[in-house]
**Student:** 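Please find one structure pasted underneath; my questions will follow.
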Protein chains: 2
Amino acid sequence: MATRRQRTERRADALSKERIVAAAVELLDAAGEGGLTFRVLTERLETGPGAIYWHVANKGELLVAATDAVVAAALAGEPAGSPHSPRDGIRAVALGLFDAIDEHPWLTTQLSVQLSRNPRGPVTPRIFESIGRQVRALGVPEGDWFTATSVLVHYILGAAGQNAANGRALGPDVDRAEFLDAVSTAWEDLDPDEYPFARAVADQMREHDDRAQFLAGIDLVLIGITARHRLGG
Amino acid sequence: MATRRQRTERRADALSKERIVAAAVELLDAAGEGGLTFRVLTERLETGPGAIYWHVANKGELLVAATDAVVAAALAGEPAGSPHSPRDGIRAVALGLFDAIDEHPWLTTQLSVQLSRNPRGPVTPRIFESIGRQVRALGVPEGDWFTATSVLVHYILGAAGQNAANGRALGPDVDRAEFLDAVSTAWEDLDPDEYPFARAVADQMREHDDRAQFLAGIDLVLIGITARHRLGG
DNA sequence: ACCTGAACACCGTTCAAGT
DNA sequence: ACCTGAACACCGTTCAAGT
């Protein structure tokens with residue numbers, strides 16, 4: 001039986017789930033959550049909706065795939081046996097996610113939705129694994145693994161999401177200093193009796209360094225994680 | 001000039017923003033995010049869309065108001081000068097939010113969206129205030145207020161959201177034990193080389209007590225917050 | 001097996017018109 | 001001042017039909 005190869009590809013730029021996901025990420029990056037639409041996706045890919053639905057079950061699956069693609073890329077820089085200490089490993093993973101969320105602000109909502117409603121999808125285990133591995137390497141007793149990892153994951157995603165919003169909240173014409181100043185002012189104008197703390201803390205928001213602030217939070221958690229069993233928890 | 005009262009109300013059940021928001025909360029509770037629609041809202045309130053738009057600018061404002069109403073109610077139990085210690089105060093606020101999110105799972109997404117995209121809205125300062133006040137009472141140095149409060153807030157909302165999803169993820173016909181078992185099994189089936197941590201931790205998910213787990217995370221953070229300046233931060 | 005594109009049911013929002 | 005309801009532009013999804 002002679003070897004018979006497929007003579008020609010259907011078309012040079014054949015559709016595939018990967019190409020669709022890549023286009024989806026581009027649209028999300030360019031215009032946020034609302035920018036991903038089957039109409040503009042079909043235009044961009046020069047097809048009809050039916051073609052996309054042949055590769056992808058629905059919009060939800062597309063969003064999961066887009067999220068996972070971006071998160072996987074962000075975490076790819078951290079191979080299993082990295083040279084640095086577990087603490088530095090955690091900082092590296094945290095900053096990787098921080099930057100990814102800053103570059104792709106639509107991740108904020110997607111990660112929140114997928115961590116809660118979609119724990120069997122690819123995203124949740126991927127994130128827990130990358131953090132949890134370092135927690136284990138830290139020497140935390142097994143009973144604390146889940147708690148410690150949860151605290152880290154939720155803080156990382158929450159704080160990174162808040163930071164990302166500062167960056168582009170009101171479009172590219174409003175820069176972040178301007179935006180933070182407006183928020184800070186709004187908090188200072190709150191009722192003094194009802195919001196003493198918010199008012200007191202408002203000024204710190206104005207000129208803080210986000211990465212430093214973010215890492216300070218990570219360190220606070222790391223102290224809690226290690227102090228706990230060092231004290232004999 | 002004789003006292004002349006308004007003779008009659010327009011209609012006994014006149015529309016108001018409060019009534020609209022209350023109806024919105026009911027719809028969200030009954031059918032989740034997708035359950036809130038201007039069509040069903042107008043049916044429920046026996047009006048047309050124009051009537052609602054006279055009281056509310058758009059759907060976003062309606063969601064902000066619904067979120068704030070529920071969160072405010074959840075935090076109302078904690079007046080300024082409560083009798084207990086700051087630690088117990090934090091636990092109480094945390095559990096109040098935990099339960100609110102459990103009862104209104106749609107809060108998970110809304111709080112994530114509003115904390116990041118909407119820091120000038122009513123919800124973000126309200127939550128930061130209720131936690132931050134107790135952090136201050138803990139004796140934390142002022143420079144750490146924002147960091148400590150952020151860690152607590154993000155952990156509380158993230159972990160509570162994940163818990164709420166366990167409750168009703170697949171409708172009322174699937175109970176939580178069944179759901180957790182399915183997630184746990186899915187994690188155990190992951191690739192052993194890529195996901196050693198997720199596999200190791202999967203079994204703990206199966207029969208854990210959520211409130212205990214949640215409070216363990218709070219305590220871990222509290223240790224970090226206090227150990228930090230006790231060690232001379 | 002893979003793609004086309006018209007059609008369907010639905011959505012948030014607007015607005016001229018009424019009281 | 002407050003409400004009515006038809007209309008608009010848009011959305012995700014389906015499906016008979018093509019190659």
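All values below were derived from every heavy atom in this structure, side-chain atoms included, with hydrogens, water molecules and symmetry-related copies excluded. The chains referred to below are lettered A, B, ... by the order of the sequence lines, with proteins before strands, and numbering in each begins at 1.
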**Student:** Take atom C1' in D:dC8 and the same atom in C:dC11, then report the distance between them in whole Å.
**Tutor:** 12 Å
**Student:** What is the distance from CD1 of B:Ile20 to P of D:dC2, rounded to the nearest Å?
**Tutor:**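 Computing the B:Ile20:CD1 to D:dC2:P distance gives 12 Å.
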**Student:** Between A:Ile52 (CD1) and C:dC3 (P), how many Å, whole number?
**Tutor:**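 Whole-Å distance recorded here is 11 Å.
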**Student:** Any idea how B:His154 and A:Tyr155 line up, ring-wise: parallel (<30°), tilted (30 to 60°), or perpendicular (>60°)?
**Tutor:**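 B:His154 and A:Tyr155: tilted rings.
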**Student:** Relative to the ring of B:His208, is the ring of A:Phe146 parallel (under 30°), tilted (30 to 60°) or perpendicular (over 60°)?
**Tutor:**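 Rings of A:Phe146 and B:His208: tilted, 30 to 60°.
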**Student:** Looking only at the side chain of B:Trp54 (C-beta and beyond, no hydrogens), which of the listed nucleotides C:dC2, C:dT4, D:dA1 gets closest?
**Tutor:**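 Looking only at side-chain atoms, B:Trp54 lies closest to D:dA1.
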**Student:** Does some side-chain heavy atom of A:Phe214 sit less than 4.5 Å from a side-chain heavy atom of A:Ile156?
**Tutor:**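 In contact.
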**Student:** Looking at B:His55, does any N or O in its side chain come under 4.0 Å of the phosphate oxygens OP1/OP2 on D:dA1?
**Tutor:** no
**Student:** What is the separation between atom CD on A:Glu43 and atom P on C:dT4, rounded to the nearest whole Å?
**Tutor:** 14 Å
**Student:** Without decimals, in angstroms, what is the distance between A:Glu46 CD and C:dG5 P?
**Tutor:** 11 Å
**Student:** Do any pairs count as a side-chain hydrogen bond (donor to acceptor under 3.5 Å, both in side chains) and have a residue in residues 57-67 of chain B, sequence neighbours left out, and if so which ones?
**Tutor:** B:Lys17-B:Glu61, B:Thr67-B:Gln114
**Student:** What does the list of N/O pairs under 3.5 Å between the protein and nucleotides 12-15 of chain C look like, with a distance for each?
**Tutor:**
residue : atom : partner : partner atom : Å
C:dG12  : OP1  : B:Lys59 : NZ           : 2.7
C:dG12  : OP2  : B:Phe38 : N            : 3.0
C:dG12  : N7   : B:Arg39 : NH2          : 2.6
C:dG12  : O6   : B:Arg39 : NH2          : 2.6
C:dT13  : OP2  : B:Tyr53 : OH           : 2.6
C:dT13  : OP2  : B:Lys59 : N            : 2.9
C:dT13  : O5'  : B:Tyr53 : OH           : 2.9

**Student:** Under 3.5 Å for both donor-acceptor distances, Watson-Crick or wobble: does D:dG5 have a partner, and if so which one?
**Tutor:**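 Matched D:dG5 with C:dC15 under the 3.5 Å cut-off.
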**Student:** Just how far is it from atom CG of A:Leu115 to atom OG1 of B:Thr108, taken to the nearest 0.5 Å?
**Tutor:** 11.0 Å
**Student:** Counting the benzene-type ring for Trp, do A:Tyr53 and A:Phe38 have ring centres under 6.0 Å apart?
**Tutor:** yes
